[in-house]
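Per chain, numbering begins at 1; letters A, B, ... match sequence-line order.
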Amino acid sequence: MANPAPTTTVASLTRHDGWERFAADWSSDQRAFKTASWGKVMMWIFLLSDTFIFSCFLLSYMTVRMSTTVPWPNPSEVFALELGGKPVPLILIAIMTFILISSSGTMAMAVNYGYRRERRTTAALMLATAAFGASFVGMQAFEWTKLIREGVRPWGNPWGADQFGSSFFMITGFHGTHVTIGVIFLIIIARKVWRGDFDRERRGFFTSRKGRYENVEIMGLYWHFVDLVWVFIFALFYLW
Amino acid sequence: MAEVVADTVGSIGPAEVAEVELYHATSWLTKYVFCQDAKVIAIQYSVTAMAIGLVALVLSWLMRLQLAFPGTFSLIQSENYYQFITMHGMIMVIYLLTALFLGGFGNYLIPLMLGARDMAFPYVNMLSYWVYLLAVLVLVASFFAPGGPTGAGWTLYPPQAILSGTPGHEWGIILMLASLILFIIGFTMGGLNYVVTVLQCRTRGMTLMRMPLTVWGIFTATVMALLAFPALFVGCVMMLLDRLLGTSFFMPSIVQLGQQLSYSGGSPILFQHLFWFFGHPEVYIVALPAFGIVSDLISTHARKNIFGYRMMVWAIVGIGALSFVVWAHHMYISGMDPYFGFFFATTTLIIAVPTAIKVYNWVLTLWRGNIHLTVPMLFALGFIVTFVNGGLTGLFLGNVVVDVPLSATLFVVAHFHMVMGVAPIFVVFGGIYHWYPKVTGRMLDETLGKIHFWVTFLGAYAIFFPMHYLGLLGVPRRYYELGATAFIPPSAASLNVFITVAALIVGAAQLVFLFNLIWSLSKGRAPGGNPWGATTLEWQTPQTPPGHGNWGKELPVVYRWAYDYSVPGTERDFVPQNQPASAPTA
């Protein structure tokens, strides 16, 4: 006799249509999202909050860029690389973007193999994702070094508005931090998958929660979000 | 039509909520210090918030002493006065009220009122408190840093906030920004917990529309905070870069003392937008939990169901949504397109509609109720009066043409202290008097409580009512001393003395409250598990104070809404939410 029959407890569970149904689903018994676990819901809400952070950063960048009276440096010249004696615009950033988008592919495959409980494939794909992420951060470091060598500083640069350097280092730095954190957690979770922690439901060292394959998927949500944000940064910073 | 969907039976196994993996403390340290139990975290949050709140209270005394007796106290120089103002405002709004309502009341009440064993992520919840404590310590550290805490005003407007004319520009501003960033990180950890717990961890039968309004208020406020704090976070990061790296996000070209500074081309208004995009929702982050708690206090102590529950919920959600599109009414005099002012004045006045619905519903709940003038009820009534009062002056300040002459006067100070200072703190007091018996198992002393209420209530009016008149005279806020001016009559100085005396008395009354809190811990009457005859789940726990895991072997099952008071034909004048419907009730 765990719990009495619930039908008498919820008189409001009548069928609804349209918006009423939407509201009724949300406000229904016990949980608003029937199929989503606590961890997934938490990650989605965190990402919503993080979206607001990135939006504020990008809106602030757009504001300073539009309100400054000094010309903005030309991105296709600033972000060009000398290849074979010829400047190729945006080549590095194109490669970086390609790598990051590809890493989303390997991540999605890792999640899929996680569903199938294929321990080693999942871990290998997560490590591949981490490697892609790490190389992205590495190339970002190269890009930063190149720009700093050319005289770009957070407080000024040789070609135009001071806010170019400040916004660039701040926004790509904040995004790069997200990628770095993602890489660290990818490695941690890949190790747990490889060791079989999630098969044996081994408890977490800090949280003492049982390990679950779902962690791979939650990691995936974060990783895809970081990629998606990059698309916006790429469009608004490099293509504008 | 009334076809019952097999919702609970079909998609959720009965043991889902019961199966939560609880963390079991193994030592004294993990039971009382690094504890993952939401109830202990709630007490840690509350004690820390009240401790730092006392600092802010003392700062307000010092400011009042300076305003009443300018030039008497050598330890209050003009720089110190600005530092006191800044720290008083920031501490009261963020580190006291936000932390106490969400971290304190939220942590304690959400799992208990929803019939959950704990928050969804106890470990993250614990981290949330420790990061908050770190934020408080960093803030306190600025009192001891060279140059002292920042004196930029609680709004921290650049460019002055980081320039050398402002006290605390050496270390104070850096520590303040760092502390805010830490607070936001800590709050996010807690906030994710509160939201997920409300959405996903309710016990059987607890639909969203059966939740007590307290939970609705805290839940909506938390969602708002998760969306509003990002703007403050970004603003703090950018100002920190301006201060430390010399970037010019918020800094235009400036000549200071004949010297051209290295800043150029930034936008100070951008900071104001970021700050108030956070700052206005922040008002409601403090007010919505107060709305929720006061609804429950009134219903319980008037022994009557809340009037218009559904409307109350929609009003909370509506206020929460609207509060994101009114922020620039704080910036009417900052220089904006007049059409912007028009837009923001309109949205601001629209907020009055759901707010008025709430006030009418509270009054209609009292109407022909069986009102018990207990201490929590007194504070709830004090809240309604004060909130209406502060809300009405908000109508003045929300209109552009009326606001422009009143901006930056004591009228504004009186308005926001009434509406988001005194009113929510009344609810904090009412809530503490109400739930103290559940938290500690003992009642707070009633006589001391009544003394505390009457002195605080009348005193708050003695302090802030005259400020409206001073403001209408044109007395500016944030002035260290008034000096001799043509437009301020000498009687303003006598009124300032009166306000200061009232402020000192009200401050002393809070010491009575503190004494009561400590004395009653061991000497208070032990009233049993449900002294107020309340319906909500936290009063139905098997133990008082609730034990580890909140409930016994089985979770409670909810059969009704939270407001079945004085139902005709029942033996008691309240029916707990977890009492099955034996006789057919409507």
Side-chain angles (χ1 to χ4, degrees), chain A residues 2-15 26-39 41-42 45-46 48-57 59-60 63-64 67-70 153-156 161-163 165-167 169-170 174 203-204 206-210, chain B residues 1-9 11-12 14-18 21 23 120-123 188 191-193 195-196 199-209 226-227 229-231 233-235 237-238 241 245-249 262 264-267 270 274 277 554-555 557-559 580-581:
Chain A
N3 283 315
T7 41
T8 52
T9 70
V10 184
S12 61
L13 282 178
T14 44
R15 283 222 188 273
W26 260 69
S27 59
S28 59
D29 202 13
Q30 290 192 315
R31 28 173 59 193
F33 306 104
K34 302 293 179 208
T35 52
S37 67
W38 295 352
V41 174
M42 185 194 78
I45 297 170
F46 168 72
L48 183 67
S49 188
D50 214 15
T51 305
F52 269 61
I53 292 192
F54 275 106
S55 309
C56 288
F57 270 126
L59 282 168
S60 303
T63 309
V64 293
S67 58
T68 181
T69 51
V70 187
R153 298 285 182 276
W155 53 88
D162 293 346
Q163 281 75 19
S166 4
S167 323
F169 288 122
M170 180 178 72
F174 197 70
R203 286 177 184 275
F206 287 113
T207 61
S208 76
R209 283 274 162 99
K210 283 179 193 162
Chain B
M1 184 195 151
E3 180 199 349
V4 175
V5 182
D7 182 304
T8 32
V9 204
S11 57
I12 297 165
E16 176 93 39
V17 178
E21 306 152 28
Y23 177 81
F121 309 99
Y123 179 74
T188 306
L192 291 171
N193 255 307
V195 174
V196 175
L199 286 178
Q200 299 293 85
C201 312
R202 285 167 277 135
T203 190
R204 301 197 101 189
M206 182 62 87
T207 61
L208 284 185
M209 279 306 192
L226 286 174
L227 304 181
F229 273 119
F233 180 86
V234 168
V237 168
M238 288 163 74
L241 292 177
L245 288 184
T247 58
S248 303
F249 288 112
S262 59
S264 77
S267 164
L270 173 61
L274 287 172
F277 185 80
E554 284 178 17
L555 292 175
V557 181
V558 170
Y559 295 91

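Ranking B:Leu245, B:Thr247, B:Val234 against chain A, the residue ahead of the rest is B:Val234, based on heavy-atom pairs under 4.5 Å. Annotation: maximal heavy-atom pairing with chain B below 4.5 Å, among A:Ile53, A:Leu59, A:Asp50, occurs at A:Ile53. With chain A as partner, the option from B:Phe229, B:Tyr123, B:Phe233 having the largest number of non-hydrogen pairs under 4.5 angstrom is B:Tyr123. Ranked by heavy-atom pairs under 4.5 Å with chain A, the list B:Asn193, B:Val196, B:Val195, B:Thr188 is led by B:Val196.
Scanning all heavy atoms of the two residues, the minimum distance from B:Gly246 to A:Trp155 falls at O-CB, 3.2 Å. A pairwise comparison of heavy atoms in B:Pro230 and A:Ser49 identifies CG-O, 3.5 Å as the closest pair. Of all heavy-atom pairs spanning B:Leu199 and A:Phe33, the tightest one is CD1-CE1, 3.7 Å. Heavy-atom minimum distance, B:Arg202 versus A:Asp29: NH1-C, 4.3 Å. When all heavy atoms of A:Ser67 and B:Ser267 are compared, the closest pair comes out as OG-CB, 4.4 Å. Of all non-hydrogen atoms in A:Trp38 and B:Ala120, the two that sit nearest each other are CE3-O, 3.8 Å.
Proximity to chain B (any heavy atom under 4.5 Å) is shown, for A:Val41, by both the backbone and the side chain. Using a 4.5 Å cut-off between heavy atoms, B:Leu227 touches chain A through backbone and side chain atoms alike. A:Thr35 does not touch chain B: none of its heavy atoms, backbone or side chain, sits under 4.5 Å away. Looking at A:Ser60, both its backbone and its side chain come within 4.5 Å of chain B, counting heavy atoms on both sides. In this structure, no portion of A:Phe54 lies under 4.5 Å from any heavy atom of chain B.
Separation of atoms CG (B:Leu555) and CD (A:Gln30) is listed at 9.0 Å; rounding is to 0.5 Å. The structure places CZ of A:Phe169 at 11.5 Å from CG of B:Leu241, a figure rounded to the nearest 0.5 Å. If you take OG1 on A:Thr63 and CG on B:Leu274, they are separated by 8.0 Å, rounding to the nearest 0.5 Å. For the atom pair OG (A:Ser167) and CE (B:Met238), the distance works out to 7.0 Å, reported to the nearest 0.5 Å. A distance of 5.0 Å separates CE of A:Met42 from CZ of B:Phe121, quoted to the nearest 0.5 Å.
Annotation: side-chain hydrogen bond (donor to acceptor under 3.5 Å, both in side chains) contacts of B:Ser248 (sequence neighbours excluded): none. With sequence neighbours excluded, the residues that form a side-chain hydrogen bond (donor to acceptor under 3.5 Å, both in side chains) with B:Ser264 are A:Asp162.
A distance-only check finds a donor-acceptor pair linking the side chain of B:Gln200 to the backbone of A:Ala36 [under 3.5 Å].
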